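This report refers to the structure that appears directly beneath it.
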Amino acid sequence: MGKVIAVVSGKGGVGKSTVSAGLGRALSENGKRVLLIDCDAGLRCLDKLTGIGETLVYDLGDALKGSCTVNEVIYPVEDYENLFVIPASQSEVISETILTPFVNSLKEYYDYIIMDSPAGLGTGFLSAVIPADTVLVVTNSDPICAASANTVRLILEKFDKKDKRLIINRFNGTYFKKLKAMGDLDSMIDATGLRLIGLIPEDPSLIAEFLKGGRVKGKSETMMALRRVASRIEGAYTPFPFV
Ligand SMILES: Nc1ncnc2c1ncn2[C@@H]1O[C@H](COP(=O)(O)OP(=O)(O)OP(=O)(O)O)[C@@H](O)[C@H]1O
Ligand SMILES: [Mg+2]
C-alpha cells in the first residue's frame, strides 16, 4: 500500500507546489511510482510545474463527479516512467469526505501519493491532510512563516497526525544571517516545534526547468536538496550539508 504525503503550510507562496513537484520527481527517479494530486482548486499549478498543461482535458472535479474515468484524469509526466499528476478541480473545492475514499482507492497502485495543499487552513488543507500518513510543513526562514508553521503543527496534533516534518524552502544563508530575527537556524526550527527533513536553497533556475516539463537535468543545489528529502522519506540516513 502506498504512503500518502500531504505538503502544507500556513502561509501562502512558501513553495508547497514547487516542493511537491520536485519531491515527486526525486522519488520517481529512485524507481518509485508516484502520483501528485493538486488540491488547490481554482489556482492549480502542478500541471504547469510538471509540463502536462498542454495535454490537460479533465481535472479532479470531473473524476469525482463521474464526468470522466479515473484513468482519464491521471496524466503521465513526460520523460518519467513512474510519475503521474491529477490536476486540481477548476471550480469546486473538494471536501475530505469525498477526497479521502478516492485517495484510499488509489493507494494500492502507487508507492507515494503526494497531496499539494492550498494555502490557509480551510477545506482544501483538510482534504490534503486527512488521508495523509505523513505531513510535510513548508516554511520560509522568517519569523512570520515559522509562527504559521507552529500553528499548523498544533492543528495537525488535534488530528493526531504523528508523522509531521519541516521543510525550510527558499533558504538563503546570507539573507538569513542579515535578518538576525530568528537567531540561528536551530532557534528557527525550534520555533516551529517540528523536526527538519529538508533545507531547500533559493534557486529560480530550478523552477525554470520545472516549467519546461520533462526530465530535469538536476545538478542544482535545490534539486539535490529535494533528492535528500526523498531519501530521508525512504528512511535513509542523509546528513544535512553544513550551513
Ligand atoms: N527554492 C526556490 N527557489 C526560488 N524560487 C522558489 C523556490 N520555491 C518556490 N519558489 C517560487 O516561489 C513562488 C511560490 O512557489 P509555490 O507556488 O511553489 O508556492 P506555494 O506554497 O505552492 O504557493 P500557494 O500557497 O499559492 O499554493 C513561485 O514563484 C516559485 O517559483
Ligand atoms: Mg501551491
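No experiment lies behind these values; they were computed from the predicted model shown. Counting convention: from 1, in listed order, for ligands and their atoms alike. Only this structure's heavy atoms are used, side chains among them; waters, hydrogens and symmetry mates stay out.
- When the options Lys107, Glu234, Lys32 are evaluated for a side-chain hydrogen bond (donor to acceptor under 3.5 Å, both in side chains) with Tyr112, the one that passes is Glu234.
- For Lys162 and Asp160, the salt-bridge test passes: some basic side-chain N is under 4.0 Å from an acidic carboxylate O.
- Ion pairing between a basic and an acidic side chain is recognised when a charged N comes within 4.0 Å of a carboxylate O; Glu157 and Lys161 show no such pairing.
- For the Mg ion (ligand 2), the nearby protein N/O/S atoms, meaning those under 2.8 Å, are Ser17 OG.
- A distance of 5.0 Å separates CZ in Arg25 from CZ in Phe210, rounded to the nearest 0.5 Å.
- Asp133 places no side-chain N or O within 3.5 Å of a backbone atom of Lys3 that could act as its donor or acceptor partner.
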Ligand 1: protein N/O within less than 3.5 Å of ligand N/O:
residue: ligand 1; atom: 1 (N); partner: Asn169; partner atom: OD1; Å: 3.0
residue: ligand 1; atom: 1 (N); partner: Pro201; partner atom: O; Å: 3.0
residue: ligand 1; atom: 3 (N); partner: Asp203; partner atom: N; Å: 2.7
residue: ligand 1; atom: 8 (N); partner: Asn169; partner atom: ND2; Å: 2.9
residue: ligand 1; atom: 12 (O); partner: Arg170; partner atom: NH1; Å: 2.8
residue: ligand 1; atom: 18 (O); partner: Ser17; partner atom: N; Å: 3.4
residue: ligand 1; atom: 18 (O); partner: Thr18; partner atom: N; Å: 2.9
residue: ligand 1; atom: 18 (O); partner: Thr18; partner atom: OG1; Å: 2.5
residue: ligand 1; atom: 19 (O); partner: Gly15; partner atom: N; Å: 3.0
residue: ligand 1; atom: 21 (O); partner: Val14; partner atom: N; Å: 3.2
residue: ligand 1; atom: 21 (O); partner: Gly15; partner atom: N; Å: 2.9
residue: ligand 1; atom: 21 (O); partner: Lys16; partner atom: N; Å: 2.9
residue: ligand 1; atom: 21 (O); partner: Lys16; partner atom: NZ; Å: 2.7
residue: ligand 1; atom: 22 (O); partner: Lys16; partner atom: N; Å: 3.4
residue: ligand 1; atom: 22 (O); partner: Ser17; partner atom: N; Å: 2.9
residue: ligand 1; atom: 22 (O); partner: Ser17; partner atom: OG; Å: 2.9
residue: ligand 1; atom: 23 (O); partner: Gly13; partner atom: N; Å: 3.2
residue: ligand 1; atom: 25 (O); partner: Gly13; partner atom: N; Å: 2.9
residue: ligand 1; atom: 25 (O); partner: Lys16; partner atom: NZ; Å: 2.7
residue: ligand 1; atom: 27 (O); partner: Asp40; partner atom: OD2; Å: 3.4

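- Separation of the Phe171 and Phe176 ring centroids falls under the 6.0 Å cut-off.
- Using modelled atom types, no side-chain atom of Ser9 and backbone atom of Gly12 make a donor-acceptor pair closer than 3.5 Å.
- When atom types are taken as modelled, the side chain of Asn30 and the backbone of Leu27 share no donor-acceptor pair closer than 3.5 angstrom.
- With a 6.0 Å cutoff to the six-membered ring centre and a 45° limit on the axis angle, Arg232 does not count as a cation-pi contact of Tyr237.
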